[in-house]
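Notes follow once the structure below has been shown.
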2 protein chains.
Amino acid sequence: MSAREDVLDALEQILIRDGERAATLDAVAAQAGVSKGGLLYHFGSKKALVEGLADRMRERAALDAQQMAEAPDGPSIYYVRTSVFEDTPFDRTLVAATRLSGGDDAPVHAAFADVREGWLALIREEVGDAATAEAIMLIGDGLYYNAVLDPAFPSGDVGRESSMAGLLAVVERLREEARGA
Amino acid sequence: MSAREDVLDALEQILIRDGERAATLDAVAAQAGVSKGGLLYHFGSKKALVEGLADRMRERAALDAQQMAEAPDGPSIYYVRTSVFEDTPFDRTLVAATRLSGGDDAPVHAAFADVREGWLALIREEVGDAATAEAIMLIGDGLYYNAVLDPAFPSGDVGRESSMAGLLAVVERLREEARGA
DNA sequence: GTCTATAGTACGATAGAC
DNA sequence: GTCTATCGTACTATAGAC
């Protein structure tokens, strides 16, 4: 039962570190410490392997949505605040899946659409105004994508971290203005 | 002289429509209407081909930065407003390059970093406050990445377009508040 | 459940004719 | 400047031993 999870961990690791093209069955098998044949016992094809990643993303996203809904500082701040890489299991899965977003992987795309819809709903519920909710979510999105697509990722972007406080202040102002309206 | 441009156009087309993995020399040559040998006369390797795309991106970005600096509604609004795909030559080059951002293409990454730095400088100059400038740029970034990474791209995302007016109002409010401070 | 060996295809790049 | 033909490698996937 653990070998399956090891393979998914290995896939994530390679996608995060080396990108989509590097995520071959050979490379994933080697990273997971199994042979290619062993890998293909658990996931019968590369397509099935990617679907396994999409499934894991849905599961972990559901847990994160719970956290977001119950966040003491509210879903808006939670979303922007957690849009920087923290190397949690969910972060790793999300970034790995993002690396596949350029291609035509239907399961991954569908999972992303559903997860994003849930996020936006929580933010909209908190701030009331649809345009403000979208603006707040986009700030988090921009933060996330910029970090993920950075060549230095995931070594960290110190400049970004120091500007987080000011950014959260802007988001909070946006939220309060929309609530007051 | 035109064959070179045709090849770059073909590379962009394939990256936009089918993603990074589909952009093989065979596919690009076929799309450009030349043989693989013919392609490799102009670009001696795949690496050289990608560098050609990065160079084109820098050239076209410089022209766009001029437009942005002189925009009647200001760089901030211009940036967010043009963060939706319009199928201009610059848009096509930018989206194509974004498709390569998951991998380890140093020339593409360097070009992106330089171009983005120029955008942020223009916005920061307009709004004064660094945190607000970053927030505004991130809204545009989020808008852009969401569109580009959408599976339906570039067929268009009608829902997004209808929310643009409200979003621009939020951006304008952010800008005016920062200016007044 | 995991391995080795191998089939079949696709890729990047070179050589040489025209 | 563009073509066809080809080499060597790397990829996905299968077959069959253990």
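Atoms considered below: every heavy atom in the structure, side chains included; atoms not considered: hydrogens, waters and symmetry mates. This one's a predicted model, so the numbers in the text were calculated from it and none came from an experiment.
Along DNA chain C, the nucleotide nearest A:R21 and the nucleotide nearest A:L39 are compared for position; the residue whose nucleotide lies closer to the 5' end is A:L39. Comparing B:G33 and A:K47 by the nucleotide of DNA chain D whose heavy atom lies nearest to each, the residue mapping closer to the 5' end is B:G33. The nearest heavy atom of DNA chain C to A:Y41 and to A:G37 marks one nucleotide each, and the one closer to the 5' end goes with A:Y41.
Here C:dC3 presents its C1' atom at 13 Å from NZ of A:K36, a figure rounded to the nearest Å. Note: CZ (B:R4) to P (D:dT2) measures 12 Å, nearest angstrom. The interatomic distance linking A:D26 (CG) with C:dA10 (P) rounds to 17 Å, in whole Å. As a whole-Å value, the separation of B:L11 CG from C:dG12 C1' is 15 Å. Distance A:D6 CG to C:dG1 P: 14 Å, rounded to the nearest Å. What separates CG of A:D18 from C1' of D:dC11 is a distance of 17 Å, to the nearest Å. Per the geometry, NE2 belonging to B:H42 stands 7 Å off P belonging to D:dG1, to the nearest Å. The nearest whole Å value for the distance from the CG atom in A:L40 to the C1' atom in C:dC3 is 12 Å.
As judged by a 4.0 angstrom heavy-atom cut-off over every strand, A:T24 is placed among residues touching the sugar-phosphate backbone only. Among the atoms of the strands shown, only primed sugar atoms or phosphate atoms (P, OP1, OP2) are found under 4.0 Å from some heavy atom of B:L25.
The backbone N or O of B:E86 lies less than 3.5 Å from a partner atom in the side chain of B:D91, making a donor-acceptor pair.
Side-chain proximity of A:S35 to the nucleotides D:dA13, D:dT4, C:dT2 is greatest for C:dT2. For B:A3, whose side chain is taken as the heavy atoms from C-beta onward, the closest listed nucleotide among D:dT2, D:dA13, C:dA13 is D:dT2. Taking the side chain of B:V34 as heavy atoms from C-beta on, and the options D:dT14, C:dC11, D:dC3, the nearest nucleotide is D:dC3. Set against C:dA13, D:dT2, D:dT12, the side chain of A:K46 has D:dT12 as its closest nucleotide.
Ring pair A:F153/A:F85 is perpendicular by interplanar angle, where above 60° counts as perpendicular and below 30° as parallel. A perpendicular orientation is assigned to the rings of B:F90 and B:W119, their planes being inclined by more than 60° (bins at 30° and 60°).
No hydrogens or angles considered: a donor-acceptor pair under 3.5 Å links the side chains of A:Y144 and A:T98. A side-chain donor from one of A:R60 and A:T93 sits under 3.5 Å from a side-chain acceptor of the other.
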